[in-house]
Amino acid sequence: VATAFGGGVRLKDRGGPASGKAVVGVPVPSRVIIHLSQHAGTPALPLVKPGDPVKIGTKIAEADGLVSAPVHASVSGRVRSIVDHPHPAGSSGAAIEIESDGRQQWVDLTGWRDLTSADPETVLGGVKQAGVVGLGGAAFPSHVKLAAARAAGVDTVILNGAECEPYLAADHRIMVENAAGVAEGLRVLVRILDARAGIIAVGRDKPDAVSCLRQAVKDDAGLGVKELRGRYPQGAEKLLVKTITGKEVPSGGLPTDVGCLVHNVGTSVAIHEAVKFGRPLVNRVVTVVGAAGGGNFRVPIGTPASHLVGFAGGEAGSGQALVLGGPMTGAFRATADVPIVKGTTGVILLPVGGGREPEPGPCIRCGRCVDCCPMGLMPNQIVRFVEKGRIDLAGEYGLADCIECGVCAYVCPSKIRHVYILRRGKAAAGVERETGR
Ligand code: SF4
Ligand code: SF4
């Protein structure tokens, strides 16, 4: 059992009501709203217009630029409109609205059933064409990450099964119910990167997942499973690399700087399905928690959160607000009129005024945020500089190294909204948002 970083917090209520509940398919919604911005980077460019018929897997938007990914229809039916729609991450953006015909017809799929005959470039092309992005929440296009890893040279592939935020249980269920798919994806990654080792890192609070995965990789000499202590934010990729390999990712650097590539366990399954069966990423597993409902659900991308929550047994009407993602890093939305995107790990229902966002008070210089920051930063100072518009000083204090874990806000007695301010600072500094989960 391993952990190798200072700071962080031990969170209560790790499990939550969705823990241990098998993944259930959500009934097809009558319409889906599929955002063109499903990923980190540039939004995709639409390839369809109102009235066009689509099947599941029809490419409806093409990647635009180097960091982008194509988008596919998640239901069969007809394109109704291309509209500006609220986005789960905040604000709004262009989305393709599709009316379902209920037939659930797929396009014809072509994959490489014998993966040993597919060369690395072909595999990378398959991952790109399938629109696979990081499913741990950051939604960074996987083919871009893999191409960079191939160029840099990687000796260790780490699959992230830490799932260390409270309540979330989707990755846990994927590891238990589809350990073989997780392992197959890892084999693909190790092979195309010519890596020495592939390690699946799993929180030790998931012993059933550990045992299923050990069984799935027992015949592969280069693959293994490692247990992690349940300390938050163990799932942040730089901390994971340190825990698993002992190597420190340099300030401003990436895991590839120390010979590692980190992918989420769900992404591993999506990569395997993309390459072996040619199946695009059109659905994902989402944990729903709150208002008497809860569980883990396989959801077509673009499904309205209200449809999902209703099926889960909750009520997403007036008087309810949502957190899209986990309680530490998710985005608070005052409406259930947002669709599921590729990066949506969870939907947490809260009563309006349920205490998630109390009014912040002044900093009392208690130092708790400094003691607990897993990156060794001084969040109080960085926040102060961002608030004063001194982005240069915030940068000198390590703004770019912040992994947006939310620990500082969690421990702050004054309820200061550190992450919100830090993200604003990063935007002002032109620093990339954190993509390593
Ligand atoms: S400053 Fe960044 S890395 Fe440090 S605790 Fe806050 S959110 Fe996490
Ligand atoms: S935890 Fe909050 S109150 Fe304490 S030093 Fe940090 S910002 Fe200030």
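One-based numbering, in listed order, for ligands and for the atoms of each.
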Checking side-chain hydrogen bond (donor to acceptor under 3.5 Å, both in side chains) for the pair Glu404/Thr329: CA distance, chi angles, key distance, verdict?
CA-CA 7 Å; Glu404 300 174 27; Thr329 60; over 6 Å; no
Residue pair Lys206, Glu227: steps toward the salt bridge (Lys or Arg N to Asp or Glu O under 4.0 Å) verdict
CA-CA 9 Å; Lys206 306 170 183 58; Glu227 289 181 69; over 6 Å; no
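The distance from ligand 1 to the heavy atoms of Glu404 drops below 4.0 Å at these ligand atoms: 2 (Fe), 7 (S). Distances below 4.0 Å separate heavy atoms of Met375 from the following atoms of ligand 1: 3 (S). Atoms of ligand 2 lying under 4.0 Å from at least one heavy atom of Pro413, given by number and element, are 1 (S). Remark: ligand 1 atoms within the under-4.0 Å shell around heavy atoms of Pro379 are 1 (S). Contact atoms of ligand 1 toward Pro374: 5 (S) (distance under 4.0 Å to a heavy atom of the residue). Residue-ligand proximity, Gly406 to ligand 1, at heavy-atom distances under 4.0 Å covers atoms 7 (S), 8 (Fe). Atoms of ligand 1 lying under 4.0 Å from any heavy atom of Ile403, numbered from 1 in the order shown and given with element: 2 (Fe), 3 (S). Atoms of ligand 2 found under 4.0 Å from any heavy atom of Cys369, numbered from 1 in the order shown, are 1 (S), 5 (S), 6 (Fe), 7 (S). Heavy-atom proximity to Cys363, at under 4.0 Å, picks out these atoms of ligand 2: 3 (S), 5 (S), 7 (S), 8 (Fe). Distances below 4.0 Å separate heavy atoms of Ser414 from the following atoms of ligand 2: 3 (S).
Under the side-chain contact (heavy atoms from CB on, under 4.5 Å) test applied with His263, the options Val157, Asn160, Ile271 reduce to a single match, Ile271. Under the side-chain contact (heavy atoms from CB on, under 4.5 Å) rule, Val202 has a single partner from Leu213, Leu159, Val182, which is Leu213. With Val347 as reference, Ile340 is the one residue of Ile340, Thr287, Val289 to meet the side-chain contact (heavy atoms from CB on, under 4.5 Å) rule.
In this structure, the protein non-hydrogen atom closest to atom 5 (S) of ligand 2 is Gly367 N, 3.2 Å. Regarding atom 8 (Fe) of ligand 1, its nearest protein heavy-atom neighbour is Cys405 SG, 2.3 Å. Looking only at heavy atoms of the protein, atom 3 (S) of ligand 2 is closest to Ile364 N, 3.4 Å. Of the protein's non-hydrogen atoms, the one nearest atom 6 (Fe) of ligand 1 is Cys408 SG, 2.3 Å. In this structure, atom 2 (Fe) of ligand 1 lies nearest to the protein heavy atom Cys402 SG, 2.4 Å.
Counting backbone and side-chain atoms alike, Cys366 contributes an N/O/S atom closer than 2.8 Å to atom 4 (Fe) of ligand 2. One of the N, O or S atoms belonging to Cys373 lies under 2.8 Å away from atom 4 (Fe) of ligand 1.
To the nearest 0.5 Å, atoms CG (Leu422) and CD1 (Ile382) are separated by 6.5 Å. Here the straight-line distance linking atom NZ of Lys342 with atom CG of Leu281 works out to 5.0 Å at 0.5 Å rounding. A distance of 8.5 Å separates CG in Asp392 from CZ in Phe385, rounded to the nearest 0.5 Å.
A donor-acceptor contact shorter than 3.5 Å links the side chain of Ser74 to the backbone of Ile301.
The proximity of His418 to ligand 2, defined as any non-hydrogen pair under 4.0 Å, is limited to the side chain.
Side-chain atoms of Asp64 and Thr42 include no donor-acceptor pair closer than 3.5 Å.
Under 4.0 Å is where a charged nitrogen must lie from a carboxylate oxygen, and between Lys145 and Glu237 at least one such pair does.
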